[in-house]
Novice: 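Below you'll find the structure I mean.
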Amino acid sequence: MIGVKEEHFAGKGTQLDGLESHIEEYLKKDGFTVETAPPSGDTRIIQAKKGGWMRDIVDADRALTITITGTPADFTVKVGIGKWLQHLGVAAAETILLSELFLFVDVADSLWNIEIEDKLIADYTKFIG
């Protein structure tokens, strides 16, 4: 899949609820609409999309999707474009985990996604330490 980035962190002891909150706030400050799913086991899911009328017309079903999986001592963060799931915060865990969270996207979307991903990854990597 183009534009999906995955990073593994071991031995950091990072509070994953704090990391999730940090990512949410970063995206909100950058003008994204953000939805999160309740944690399911060792998985947290955050979805964010930019507003604007043109964006709504062109790709209303696409969102920046971030998954955090693991424990504070050993976790992975995956960032990419995914299908926007309405009411992610109240969706059943089974639906979230079985849905297509990441989609293949064209080159133009991938370039935009890579720029956003790089900034987000740099921010949360600094937060993790």
Side-chain angles (χ1 to χ4, degrees):
M1 184 178 343
I2 297 174
V4 174
K5 295 186 179 178
E6 184 173 319
E7 297 203 38
H8 181 255
F9 299 91
K12 296 289 186 179
T14 301
Q15 179 59 266
L16 299 183
D17 290 337
L19 174 60
E20 179 181 23
S21 295
H22 179 81
I23 291 171
E24 286 177 43
E25 288 305 311
Y26 175 89
L27 292 167
K28 287 177 183 176
K29 286 180 186 174
D30 199 26
F32 283 86
T33 299
V34 178
E35 284 209 33
T36 59
S40 176
D42 66 351
T43 301
R44 291 162 172 75
I45 301 170
I46 304 165
Q47 287 201 306
K49 69 178 182 176
K50 280 279 194 184
W53 66 273
M54 184 61 153
R55 194 139 179 89
D56 290 340
I57 293 169
V58 175
D59 58 0
D61 68 333
R62 291 187 186 170
L64 186 64
T65 302
I66 302 101
T67 60
I68 304 169
T69 308
T71 66
D74 185 22
F75 62 95
T76 300
V77 181
K78 187 174 181 181
V79 181
I81 292 285
K83 183 173 177 61
W84 177 257
L85 300 175
Q86 285 293 89
H87 310 296
L88 181 64
V90 295
E94 300 83 30
T95 302
I96 293 167
L97 297 176
L98 297 176
S99 297
E100 287 188 39
L101 289 177
F102 295 96
L103 303 171
F104 175 78
V105 294
D106 59 34
V107 175
D109 277 343
S110 294
L111 294 175
W112 174 82
N113 189 46
I114 289 168
E115 179 184 342
I116 299 298
E117 286 176 354
D118 288 345
K119 290 177 183 177
L120 176 62
I121 290 168
D123 180 74
Y124 72 67
T125 300
K126 183 178 177 183
F127 176 82
I128 292 167

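Heads up: numbering here begins at 1 and tracks the sequence.
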Novice: Which value, rounded to the nearest 0.5 Å, describes the distance between Thr76 atom OG1 and Ile68 atom CD1?
Specialist: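 Spacing of OG1 (Thr76) from CD1 (Ile68) equals 10.5 Å.
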Novice: Rounded to the nearest 0.5 Å, what separates atom CD in Glu24 from atom CD in Glu35?
Specialist: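 The CD atom of Glu35 is 10.5 Å from CD of Glu24, to the nearest 0.5 Å.
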Novice: I'd like to know whether His8 forms a side chain to side chain contact (heavy atoms under 4.5 Å, CB included) with Asp74, so could you lay out the CA-CA distance, the side-chain angles of the two residues, the decisive distance to 0.1 Å, and finally the verdict.
Specialist: CA-CA 8 Å; His8 181 255; Asp74 185 22; 2.3 Å; yes
Novice: Would you mind reporting whether Thr69 and Lys78 have side-chain heavy atoms less than 4.5 Å apart?
Specialist: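 Answer no - side chains too far apart.
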Novice: Specify the closest pair of heavy atoms between Pro72 and Leu16, including all atoms of both residues, with the distance to one decimal.
Specialist: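 Of all heavy-atom pairs spanning Pro72 and Leu16, the closest is N-CD1, 4.0 Å.
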Novice: For Asp17, check salt bridge (charged side-chain N to carboxylate O under 4.0 Å, His left out) against everything at least two apart and list the hits.
Specialist: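 Partners of Asp17 by the salt bridge (charged side-chain N to carboxylate O under 4.0 Å, His left out) criterion, ordered by chain and then number, come out as Arg44.
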Novice: Got a second to check how far Gln15's CD is from His22's NE2, nearest 0.5 Å?
Specialist: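 Going from the CD atom of Gln15 to the NE2 atom of His22 covers 14.5 Å.
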Novice: Over all heavy atoms of both residues, which pair between Gly18 and Phe127 is shortest? Give the atoms and the distance, please.
Specialist: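 Nearest heavy atoms, Gly18 then Phe127: O-CZ, 3.8 Å.
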Novice: Atom CG in Leu120, atom CD1 in Ile23: separation rounded to 0.5 Å?
Specialist: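 Nearest 0.5 Å value for the CG-CD1 distance: 5.5 Å.
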Novice: Step by step, would you call Ile128 with Phe75 a side chain to side chain contact (heavy atoms under 4.5 Å, CB included)?
Specialist: CA-CA 11 Å; Ile128 292 167; Phe75 62 95; 3.8 Å; yes
Novice: Would you check, one step at a time, whether the test side chain to side chain contact (heavy atoms under 4.5 Å, CB included) holds for Leu27 with Ile66?
Specialist: CA-CA 11 Å; Leu27 292 167; Ile66 302 101; 3.8 Å; yes
Novice: How long is the span from the CD atom in Glu20 to the CD1 atom in Ile45, to the nearest 0.5 Å?
Specialist: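 These two atoms lie 9.5 Å from each other.
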Novice: Give, for atom CG of Asp30 and atom CD of Glu25, the distance between the pair rounded to the nearest 0.5 Å.
Specialist: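 Interatomic distance, Asp30 CG to Glu25 CD, rounded to 0.5 Å: 12.5 Å.
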Novice: Decide yes or no on side chain to side chain contact (heavy atoms under 4.5 Å, CB included) for Tyr124 and Thr14, but give the supporting numbers first.
Specialist: CA-CA 11 Å; Tyr124 72 67; Thr14 301; over 6 Å; no
Novice: Would you confirm whether Lys12, through its side chain, and Gly129, through its main-chain N or O, come within 3.5 Å as a donor-acceptor pair?
Specialist: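 Pair found, side chain donor or acceptor close to backbone of Gly129.
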Novice: Mind checking whether Phe9 and Thr125 have side chains closer than 4.5 Å, heavy atoms only?
Specialist: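 Side-chain contact under 4.5 Å: yes.
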